[in-house]
There are 2 protein chains.
Amino acid sequence: MKDVWNAMADPTRRAILTMLQNGDMTAGEISDKFDVSGATISHHLKILREAGLITSEKEKQTITYRLNITVFQDFLKGIAEAFGMKGENHEK
Amino acid sequence: MKDVWNAMADPTRRAILTMLQNGDMTAGEISDKFDVSGATISHHLKILREAGLITSEKEKQTITYRLNITVFQDFLKGIAEAFGMKGENHEK
DNA sequence: CAAGTATTTAGATATTCATCAAAATACTAA
DNA sequence: TTAGTATTTTGATGAATATCTAAATACTTG
């Protein structure tokens, strides 16, 4: 899950994940939403893909990206397990 | 919450947070658990403190650190709101 | 005061990382 | 084939970061 933490640490990548919740997008569509170069977005997409947070599917000329809900929810669950209320350490 | 994400991005800092769930610890006690220098741990503690994830209390010769449950739970809730429930939340 | 302990701060270094422009790859269309 | 579009890869650069040692701060005690 180290890769996921690393992937989530960047605000641009979190914004990409948020956008993908509303539906799949091509690399170009994602890139259009940001002020950084397409190369930079491609780099972010690669990190998200390697973390398993998104998947990509090559179509004719475009590559469509899709949120991988499962990995993301595992991440949330992992946080909850590691840090979620473990009980009894708030008395003093 | 940007600071919180940044603070959580480092594995040493996440380990510190996990340890503090079992009770307050002094800087020295925390430092003893890791193979890095006390100065480095102090640096990590500063970042966690600035993110609001921990608080510090000066005692006689030591400084005791304590997990700030509230900020951490707000962070979890923020993630859940931004990413957790896709499709079944109706906002106003 | 001087010495010892606990912790932080300062200064330096090495690595990681976000970014860009340019080149490369892959595909489509004329 | 040539040109054009979509995307990634490469190579470079500057900024951020984790780390160290050494010095500084703060506190306690003899």
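The sequence lines fix the lettering, A, B, ..., with proteins before strands; numbering per chain opens at 1.
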Participant: For the residue pair Phe75(A) and Trp5(B), categorise the inter-ring angle as parallel (less than 30°), tilted (30 to 60°) or perpendicular (more than 60°).
Facilitator: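 Plane angle under 30°, so parallel.
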Participant: Less than 4.0 angstrom between a side-chain N/O of Thr26(B) and OP1 or OP2 of dT7(C), yes or no?
Facilitator: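 Yes.
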Participant: Can you check the Leu45(B) CG to dA6(C) C1' distance for me, whole Å?
Facilitator: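 Leu45(B) atom CG is separated from dA6(C) atom C1' by 13 Å.
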Participant: Give the nucleotide from the list dA6(C), dA18(D), dC27(C) with an atom nearest to the side chain of Asp10(B).
Facilitator: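 Nearest listed nucleotide: dA18(D).
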Participant: Is Ala39(B) touching bases, backbone alone, or none of the nucleic acid, heavy atoms closer than 4.0 Å?
Facilitator: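 Since a base atom lies under 4.0 Å of Ala39(B), the category is base.
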Participant: Keeping Arg14(A) on the side-chain end and Met8(A) on the backbone end, is there a donor-acceptor pair under 3.5 Å?
Facilitator: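 Yes: the side chain of Arg14(A) pairs with the backbone of Met8(A).
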Participant: Send over the distance from Glu59(B) CD to dA26(D) P, rounded to a whole Å.
Facilitator: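 Spelled out: CD on Glu59(B) to P on dA26(D) is 18 Å.
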Participant: For the side chain of His44(A), starting at C-beta, report the closest nucleotide among dT7(D), dA18(C), dT19(D).
Facilitator: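 Nearest nucleotide to the side chain: dA18(C).
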Participant: Would you mind reading off the distance between Asp3(B) atom CG and dA16(D) atom P, rounded to a whole angstrom?
Facilitator: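 My rounded result for the distance is 14 Å.
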Participant: Would you mind classifying the nucleic acid contact of Tyr65(A) as base, sugar-phosphate or nothing, using non-hydrogen atoms under 4.0 angstrom?
Facilitator: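 Here Tyr65(A) touches the backbone only, sparing every base.
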Participant: Judged by atom type as modelled, is there a donor-acceptor pair below 3.5 Å linking the side chain of Arg66(A) to the main-chain atoms of Glu57(A)?
Facilitator: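 No; zero donor-acceptor contacts below 3.5 Å.
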Participant: Treating Ile, Leu, Val, Met, Phe, Trp and Tyr as nodes and any side-chain heavy-atom pair under 4.5 angstrom as an edge, say whether Ile54(A) and Val71(A) lie in one connected cluster.
Facilitator: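 Ile54(A) clusters together with Val71(A).
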Participant: For the side chain of Ile47(A), starting at C-beta, report the closest nucleotide among dT9(C), dA18(C), dT8(D).
Facilitator: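 It is dA18(C).
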Participant: Using a cut-off of 4.0 Å on non-hydrogen atoms, how would the nucleic acid contact of Thr40(B) be classed: base, sugar-phosphate, or nothing?
Facilitator: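 The answer is base, as Thr40(B) lies within the cut-off (heavy atoms under 4.0 Å) of a base atom.
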Participant: Taking atom C1' of dA26(C) as reference, at what distance in whole Å does atom CD1 of Ile63(A) sit?
Facilitator: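 In whole Å, dA26(C) C1' lies 9 Å from Ile63(A) CD1.
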Participant: Counting just side-chain N and O atoms, does Asn6(B) come under 4.0 Å of either OP1 or OP2 of dT17(D)?
Facilitator: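 Checking dT17(D) against Asn6(B), a side-chain N or O does come within under 4.0 Å of OP1 or OP2.
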Participant: Output the rounded distance in Å from CD (Gln61(A)) to C1' (dG4(D)).
Facilitator: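 It works out to 9 Å between those atoms.
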Participant: Go nucleotide by nucleotide along DNA chain C from the 5' end; which of Lys46(B) and Lys60(A) gets its closest nucleotide reached first?
Facilitator: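 Result: Lys46(B).
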Participant: Backbone N or O of Thr64(B) within a donor-acceptor pair of the Asp24(B) side chain at under 3.5 Å?
Facilitator: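 Not a single qualifying donor-acceptor pair exists.
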Participant: Rounded to whole angstroms, how far apart are CD on Glu50(B) and P on dT17(D)?
Facilitator: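 Nearest whole value for this atom pair: 11 Å.
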Participant: Over all strands shown, is Ser31(A) touching base, sugar-phosphate only, or nothing at heavy-atom distances under 4.0 angstrom?
Facilitator: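 Ser31(A): no heavy atom of the nucleic acid under 4.0 Å.
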Participant: Base, sugar-phosphate, or nothing for Gly28(A), non-hydrogen atoms under 4.0 angstrom?
Facilitator: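 It contacts sugar-phosphate atoms only.
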Participant: Does the side chain of His43(A) get closer than 4.0 angstrom to OP1 or OP2 of dC20(C) through an N or O atom?
Facilitator: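 No, His43(A) has no side-chain N/O under 4.0 Å of OP1/OP2 on dC20(C).
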Participant: What is the separation between atom CZ on Arg49(B) and atom C1' on dT7(C), rounded to the nearest whole Å?
Facilitator: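 Nearest whole value for this atom pair: 11 Å.
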Participant: Could you state the atom-to-atom distance from CD1 of Ile41(B) to P of dT21(D) in whole Å?
Facilitator: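 Spelled out: CD1 on Ile41(B) to P on dT21(D) is 14 Å.
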